[in-house]
Protein chains: 2
Amino acid sequence: MDKRQLLLDAALKLFVEYGFHGTPTSLIAKEAGVANGTLFHYFKTKDELVVALYVDIKSRMSGYVFENAKGQATFKETVKEQYLASLYWALDNQLQFRFVEQFKNSPYLAQIAPDEIEASIKPFHDMLNKGIKEKIIKPQPVDLLFTLISSHTYGINQYLISGNFPKAKQHQVISESFEMLWAMIT
Amino acid sequence: MDKRQLLLDAALKLFVEYGFHGTPTSLIAKEAGVANGTLFHYFKTKDELVVALYVDIKSRMSGYVFENAKGQATFKETVKEQYLASLYWALDNQLQFRFVEQFKNSPYLAQIAPDEIEASIKPFHDMLNKGIKEKIIKPQPVDLLFTLISSHTYGINQYLISGNFPKAKQHQVISESFEMLWAMIT
DNA sequence: ACATTTGTTGACTGTTTAGTCAGTCTGTAT
DNA sequence: ATACAGACTGACTAAACAGTCAACAAATGT
């Protein structure tokens with residue numbers, strides 16, 4: 001068992017339940033089943049743990065999305081597969097999703113370097129630019145389009161979580177909402 | 001000077017900068033220019049202050065939106081005015097907006113009674129239902145539509161804040177994005 | 001004038017917290 | 001076998017914290 005991972009898992013669960021500052025490091029260590037000091041062996045400070053958890057989750061998520069969305073025939077299919085992959089990932093990783101949203105709306109976000117953020121969204125920007133050049137997507141600024149797609153995805157996920165639908169219904173909502181999104185940006 | 005309001009103002013500023021738990025009550029009192037104990041005269045606990053601030057901001061915001069959006073001729077104009085009012089309010093009250101987002105994504109949200117949340121969104125639900133009945137809006141579940149509109153609004157606001165555009169450009173983005181939103185839901 | 005409530009103060013307290021540290025354990029290389 | 005490094009421990013500490021309280025001030029009612 002990798003104790004670093006145990007600590008990250010425990011921190012994720014507790015942060016979502018109690019918030020960053022509402023969760024003592026001692027509780028994280030206890031939940032992970034390791035000694036107090038072990039936490040500070042892997043993470044110099046509590047802040048470092050919070051940021052490391054964010055970075056870790058982000059990389060897993062984009063890994064998943066790109067893994068599932070590569071090799072589509074048409075442009076629309078590529079966009080759709082990325083959209084679907086994002087939502088299925090969020091549904092299967094609700095703790096992670098909620099942590100990321102909490103993090104993004106907290107002062108911690110300032111600890112992520114702007115160019116790191118930029119790098120993580122660059123692939124999407126490039127894809128959208130391609131769509132604009134091919135006259136498939138509305139000629140709007142790419143970061144506007146990206147923001148709209150992101151918040152649309154976020155909204156649908158909120159809806160799916162709060163509604164607690166069966167798998168088939170979830171799939172239907174996701175499919176239909178993609179068509180609504182597509183209608184908006186093309 | 002109303003010291004309760006001074007405390008709310010100070011808390012808002014500091015919560016956005018340092019987060020809820022990252023802001024000591026002593027600092028809030030100092031920023032407000034009142035004694036430590038005065039904070040606990042108006043708010044029994046720190047949690048109560050956080051929740052009171054949220055309720056206060058929410059009521060100001062919906063007051064503003066409804067004040068500005070009443071008495072429109074057509075259904076589309078009513079929806080549009082509400083959309084515009086929300087965005088202009090958010091632009092003029094960025095601290096409040098950021099606080100609300102931080103609150104909504106934090107465990108504090110659980111302290112707001114579900115029926116209170118429901119009551120606050122009821123007017124919007126009713127309006128959307130009307131639009132569906134009149135066959136103007138897509139026959140989707142109202143809470144799905146509401147979530148989509150909310151997150152769209154959130155996204156546009158994020159874009160406007162990060163871009164730091166002149167007033168004229170802001171207006172243009174808001175107008176154009178409403179048409180995109182309208183295209184999506186009709 | 002007096003009484004009573006309501007607002008205000010800041011020193012104080014008991015508890016909680018992030019982070020330290022001296023030392024133990026475990027694996028690996030020589 | 002021995003040496004060494006890195007993982008790991010949990011008791012400990014110094015600081016920070018939310019909330020209390022006894023005393024005082026201002027306003028309000030009678």
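When reading the values below, keep in mind they use all heavy atoms of this one structure, side chains included, and skip hydrogens, waters and symmetry mates. A note on names: the letters A, B, ... follow the listed sequences, proteins ahead of strands, and every chain is numbered from 1.
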Under a 4.0 Å threshold between the charged nitrogen and the carboxylate oxygen, would [Y] count as salt-bridged to [X]?
{"X": "A/K76", "Y": "A/E179", "value": "yes"}
{"X": "A/K130", "Y": "A/D126", "value": "no"}
{"X": "B/K13", "Y": "B/D9", "value": "no"}

* Structure fact -> With the side chain defined as heavy atoms from C-beta on, A/A35 is closest, among C/dG10, D/dG10, D/dC8, to D/dG10
* Counting only side-chain N and O atoms of A/K3, is one of them less than 4.0 Å from OP1 or OP2 of D/dT9? -> yes
* Decide if the gap between the ring center of A/H21 and the ring center of B/F20 is smaller than 6.0 angstrom. => no
If you measure only the distance, is there a donor-acceptor pair under 3.5 Å linking the side chains of [X] and [Y]?
{"X": "B/Y64", "Y": "B/S86", "result": "no"}
{"X": "B/Q72", "Y": "B/Q82", "result": "no"}
{"X": "A/Y159", "Y": "A/S177", "result": "no"}

Protein N or O to nucleotides 22-26 of chain D N or O, pairs below 3.5 Å:
none

Calculate the interatomic distance between [X] atom [atom1] and [N] atom [atom2]; express it in whole Å.
{"X": "A/I28", "N": "C/dT16", "atom1": "CD1", "atom2": "P", "answer": "17 Å"}
{"X": "B/D2", "N": "C/dT6", "atom1": "CG", "atom2": "P", "answer": "17 Å"}
{"X": "B/D47", "N": "D/dG19", "atom1": "CG", "atom2": "P", "answer": "7 Å"}
{"X": "B/F43", "N": "C/dT8", "atom1": "CZ", "atom2": "P", "answer": "12 Å"}
{"X": "A/K30", "N": "C/dA18", "atom1": "NZ", "atom2": "P", "answer": "14 Å"}
{"X": "A/L27", "N": "D/dG10", "atom1": "CG", "atom2": "P", "answer": "16 Å"}
{"X": "B/K44", "N": "D/dC21", "atom1": "NZ", "atom2": "C1'", "answer": "17 Å"}
{"X": "B/L49", "N": "D/dG19", "atom1": "CG", "atom2": "C1'", "answer": "13 Å"}

* Any ring-ring contact (aromatic ring centres under 6.0 Å, His included) pairs touching residues 26-46 of chain A, not counting sequence neighbours? -> none
* Structure fact -> Sorted by position of nearest nucleotide on DNA chain D, 5' first, the leading residue of A/G37 and A/H41 is A/H41
Might you list the N or O atoms of the protein lying below 3.5 Å from N or O atoms in nucleotides 16-18 of chain D, with each pair's distance?
residue	atom	partner	partner atom	Å
D/dA18	OP1	B/K46	NZ	2.7
D/dA18	OP2	B/T25	N	2.7
D/dA18	OP2	B/T25	OG1	2.9

* To do: For residues A/I161 and A/Q94, determine if any side-chain heavy atom of one lies less than 4.5 Å from a side-chain heavy atom of the other.
  => yes
